[in-house]
Number of protein chains: 2
Amino acid sequence: MSSQNPKRAILEQFAAVARALGSAHRLDLLELLAQTERSVEELAGLTGLTIANASQHLQQLRRSGLVEGRREGKRVIYRLTDSEIVALLGSLRRVAERNVAAVEKVLNGYFRQRDKLEPVSRKELLRRMRDGLVTVVDARPLDEFAAGHLPGAISLPPRQLKRRLRELPADQEIVAYCRGPYCVLSYEVVAELRARGFTAFRLEDGYPEWKAAGLPVENSSPA
Amino acid sequence: MSSQNPKRAILEQFAAVARALGSAHRLDLLELLAQTERSVEELAGLTGLTIANASQHLQQLRRSGLVEGRREGKRVIYRLTDSEIVALLGSLRRVAERNVAAVEKVLNGYFRQRDKLEPVSRKELLRRMRDGLVTVVDARPLDEFAAGHLPGAISLPPRQLKRRLRELPADQEIVAYCRGPYCVLSYEVVAELRARGFTAFRLEDGYPEWKAAGLPVENSSPA
DNA sequence: CAAAGATTCAATTAACCTCTTGAATAAAGT
DNA sequence: ACTTTATTCAAGAGGTTAATTGAATCTTTG
């Protein structure tokens, strides 16, 4: 069959992309890049990799077409080539979640309260935002907030929470979000707020999923 | 941060699933299993792997939670654990298609007529099926047809096409489908039918995507 | 043009994956 | 119980990938 050779070549390309995803460090890098573009140095610092090692992983991701880099002065800034990649990571997550028992085990061990915090869906949040019924809190670090966030969101990383409690409305529902489903920042914020008597919920997923879904975002300092 | 350890463990699990997808042979196996469950021997035959090798790849897929096997007499029958896996493969395909230039090259080389054949969407086909405006042709091998197919579809692999032309309506549109976007069977059928004056189109994607979308399917020999 | 900073390249070693081969199970038929 | 058939296990050669180190490249700044 003449279909065998080109099919084989295509599958080989798919497999190469899958192999690029087949390393925890590279998934970590991709997750960070799903938040915002970054330089090699920043990425190395955030992931705990040496610079040379981060650079090599990034190049591997680039060879597979998942990220692209541009030079900007002394630095090279990397970003995802495509928001479809967020969908791919989400799909990978769902399959791993459903199928791999070990993931459940870790989740149950660490995110014990996971189910108690009843996350709010994107659709639901959007509706409540339109009705002005909700205060949206971004629990990520400042620089990620600056690079893009949900419209009207307040930047409030866990460390600043205690001294900025009075900025928050006591009579209105609060929804917090962060990087994505395995980011703990919004869990921390919600737990803390609830402990202090606020009505707080988590957004399901995080900023990259929101953006990838084509929902509106806002930039505080348009670079 | 206490979030680093469990996060690392989770990413490692995701990476393990991605690594399981990182081999053309395993993707080939998964594509076959997306059609229907099969024994090790069948899978080895269809992919051209030795039996021992196919067995090892299948076990790797099983360890990652992507397939499961059950003993049935002398044979072990493998199948996908979950239709979400079809979505993951689709997502992988879309990313690879958009990003990897080499894939485009192969596609243009082999599926030259790809664009000329204007595929019909699932939604569109469903509408035309309801209105009774269309004859649906399944271009896959007989056994895959028997394991499940679109409602009312006629099994018509390319080899049987010439001697069964008179079964087809000359005055009605024909839509052919096969295994998925990189399966050539439906291309062959459509090209042949058009050459003989029929009005024929391809369905976008194939049977596994149809089934995974929750659309109705039919079994000819309920096993 | 020299110096410093950011990133990449090159070379090394260790770890891992792939395919093959032949032996070991497991179930069914004789 | 023995043979056959289908699958899995175990071991080894060959190749690929990962992390580390130090040198090389490219860009801005003095």
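Residue numbers begin at 1 in each chain, while the letters A, B, ... track the order of the sequences.
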Between [N] atom [atom2] and [X] atom [atom1], what is the distance in whole Å?
| X | N | atom1 | atom2 | result |
| --- | --- | --- | --- | --- |
| Glu41(A) | dT27(D) | CD | C1' | 15 Å |
| Arg71(A) | dT7(C) | CZ | C1' | 6 Å |
| Arg26(B) | dT18(C) | CZ | P | 5 Å |
| Leu49(A) | dT21(D) | CG | P | 14 Å |
| Glu72(B) | dA28(C) | CD | P | 11 Å |
| Glu12(A) | dT18(C) | CD | C1' | 12 Å |
| Lys74(B) | dT7(D) | NZ | P | 10 Å |
| Glu42(A) | dA6(C) | CD | P | 11 Å |

- State whether a side-chain donor-acceptor pair under 3.5 Å links Ser64(B) with Gln60(B).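 The answer is no; no qualifying pair exists.
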- Item | Nearest heavy-atom neighbours spanning Ile85(B) and Leu66(B) |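 In this case the closest contact between Ile85(B) and Leu66(B) is CD1-O, 3.1 Å.
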- Minimum heavy-atom separation for Pro216(B) to Pro151(B), with atom names?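 Closest approach of Pro216(B) to Pro151(B): O-CD, 3.1 Å.
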- Would you confirm whether Thr47(B), through its side chain, and Leu29(B), through its main-chain N or O, come within 3.5 Å as a donor-acceptor pair?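 It does not hold such a pair.
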Under-4.0 Å side-chain N/O to phosphate OP1/OP2 contact, [X] with [N]:
| X | N | value |
| --- | --- | --- |
| Tyr78(B) | dT8(D) | yes |
| His25(B) | dC19(C) | yes |
| His57(A) | dT17(D) | no |
| Gln60(A) | dA18(D) | yes |
| Arg19(B) | dT17(D) | no |

- Message: Which is more 5' along DNA chain C, the nucleotide nearest Ser55(A) or the one nearest Gly73(B)? Just name the residue.
- Response: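 The residue mapped nearer the 5' terminus is Ser55(A).
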- On DNA chain C, nearest-nucleotide positions of Gln56(A) versus Asn53(B): which is more 5'?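 It is Gln56(A) whose nearest nucleotide is closer to the 5' end.
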- Would you verify whether the NZ or CZ of Arg93(A) falls within 45 degrees of the ring axis of Phe14(B) while also being under 6.0 Å from that six-membered ring's centre?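 No; the conditions do not both hold, so Arg93(A) does not lie above the ring face of Phe14(B).
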- Query: Between dT7(C), dC9(C), dT20(C), which nucleotide has the shortest distance from any of its atoms to the side chain of Ala52(A)?
  - Reply: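 So the side chain of Ala52(A) is nearest to dC9(C).
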